[in-house]
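Read the numbers this way: they start at 1 and go in the same order the structure lists the ligands and their atoms. These figures come from a predicted structure and were not determined experimentally.
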Amino acid sequence: MIKKAEFLISNTDYRKCPPAGKPEFAFIGRSNVGKSSLINMLTQSRHLAKTSGTPGKTQLINHFIIDDRWYMVDLPGYGFAKVGKKLKAEWEEMIKNYLSHRENLLATFVLIDSRLDPQKNDLEFIRWCAENGIPIVLAFTKADKLSRSKVQGNVSKFLQATLEIFKEAPLYFITSAEKQTGREELLAFILENNQEFYKKD
Ligand code: GTP
Ligand code: MG
């Protein structure tokens, strides 16, 4: 489904991002939730996006070009306490500026750790997206780390919590970078959106 995936450029400023003529999908979520790992899983490449066991690995807006046709964007995590207040505020501003100014951004995947109960900072971030008209899709990560029924339970709790923000719960995918879970479904969603984008030309 993906033939070619290449790293393009890293930025701190949304105005320096590549030309916005191609559809784009961003990956965001708490530090260490598995954004970079999910990008590697989707593109079937081990080292395209840099991953680490230590939170705070991704620090820039990283553009990847897929099949010369669409962009995937790896973003730094939010809610990472160890980087210090000033840097945290700078990252947050960089991310929010990027998300609110990038007109070709068709959807932002908000990654949620499937092992956890609903977390306040995830819900706050999603609320900010809703208030700013940024379309989101949820991707629950690390589903290999617990039983299917426990994942389903945590997903249900999280979807329930989003009803404080949305009338209807957002679209979601259950994923594991380890086991390749959710790959086909997630890519099918992206490719459908890409077709719509190019139809409008
Ligand atoms: P930052 O860039 O620091 O914000 O982190 P990130 O969200 O990009 O996380 P990253 O992909 O670097 O993964 C963090 C850690 O979680 C690494 O040790 C990964 O191996 C592990 N991890 C990511 N996805 C999965 C998964 O689906 N299953 C399991 N078991 N581990 C995962
Ligand atoms: Mg990362």
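For ligand 1 and Gly53, the ligand atoms under 4.0 Å from any heavy atom of the residue are 18 (O). Listed by number with element, the atoms of ligand 1 under 4.0 Å from a non-hydrogen atom of Val33 are 7 (O). Close approach of ligand 1 to Gly77 (heavy-atom distance below 4.0 Å) involves ligand atoms 4 (O). Here is the list of ligand 1 atoms found below 4.0 Å of a heavy atom in Glu178: 26 (C), 27 (O), 28 (N), 29 (C), 30 (N). Close approach of ligand 1 to Ser37 is summarised as follows: ligand atoms under 4.0 Å from at least one heavy atom of the residue are 10 (P), 11 (O), 13 (O), 19 (C), 23 (C), 24 (N). Residue Ser176 has at least one heavy-atom neighbour below 4.0 Å for each of these atoms of ligand 1: 27 (O).
For the atom pair OG1 of Thr181 and CD1 of Ile174, the computed distance is 9.5 Å after rounding to the nearest 0.5 Å.
Under the 4.5 Å side-chain heavy-atom criterion for ILVMFWY residues, a single connected hydrophobic cluster contains both Phe25 and Ile2. Cluster membership check: Leu75 shares its hydrophobic cluster with Met94, using side-chain heavy-atom separations under 4.5 Å among Ile, Leu, Val, Met, Phe, Trp and Tyr.
Looking from atom 2 (O) of ligand 1 to the surrounding protein, the closest heavy atom is Thr58 OG1, 2.8 Å. For atom 4 (O) of ligand 1, the closest non-hydrogen atom of the protein is Lys35 NZ, 2.9 Å. Atom 9 (O) of ligand 1 has its closest protein heavy atom at Gly34 N, 3.2 Å. Here the heavy atom of the protein found nearest to atom 27 (O) of ligand 1 is Ala177 N, 2.7 Å. Of the protein's non-hydrogen atoms, the one nearest atom 25 (C) of ligand 1 is Lys142 CG, 3.7 Å. With hydrogens left out, the protein atom closest to atom 26 (C) of ligand 1 is Asp144 OD1, 3.5 Å, a heavy atom.
Surrounding CD of Glu93 are at most 12 heavy atoms belonging to other residues, nucleotides or ligands under 6.0 Å away.
Ring geometry for Phe64 against Phe7 counts as perpendicular: the plane angle is over 60°, on a 0 to 90° scale with 30° as the lower cut.
Only the side chain of Lys145 comes within contact range of ligand 1, with a heavy atom under 4.0 Å; no backbone atom does.
Salt-bridge formation is detected for the pair Lys199/Glu196: a Lys NZ or Arg NE/NH1/NH2 atom is positioned less than 4.0 Å from an Asp or Glu carboxylate oxygen. With respect to Glu90 and Lys86, a salt bridge is recorded, a charged nitrogen being found less than 4.0 Å from a carboxylate O.
Arg102 and Asn104 form a side-chain donor-acceptor contact under 3.5 Å, judged by distance and modelled atom types alone.
Residue Lys4 forms a side-chain hydrogen bond (donor to acceptor under 3.5 Å, both in side chains) with just one option from Asp68, Asp67, Thr43, and that option is Asp68.
Within the 2.8 Å limit, Ser36 places at least one N, O or S atom next to the Mg ion (ligand 2).
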* To do: Apply side-chain contact (heavy atoms from CB on, under 4.5 Å) to Ile61 and His63, showing your working.
  => CA-CA 7 Å; Ile61 304 166; His63 271 79; 4.0 Å; yes

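Of the listed options Leu38, Asn32, Asn62, Asn32 places a heavy atom closest to atom 15 (C) of ligand 1. When the options Ser31, Ser52, Ser36 are ranked by their closest heavy atom to atom 12 (O) of ligand 1, first place goes to Ser52.
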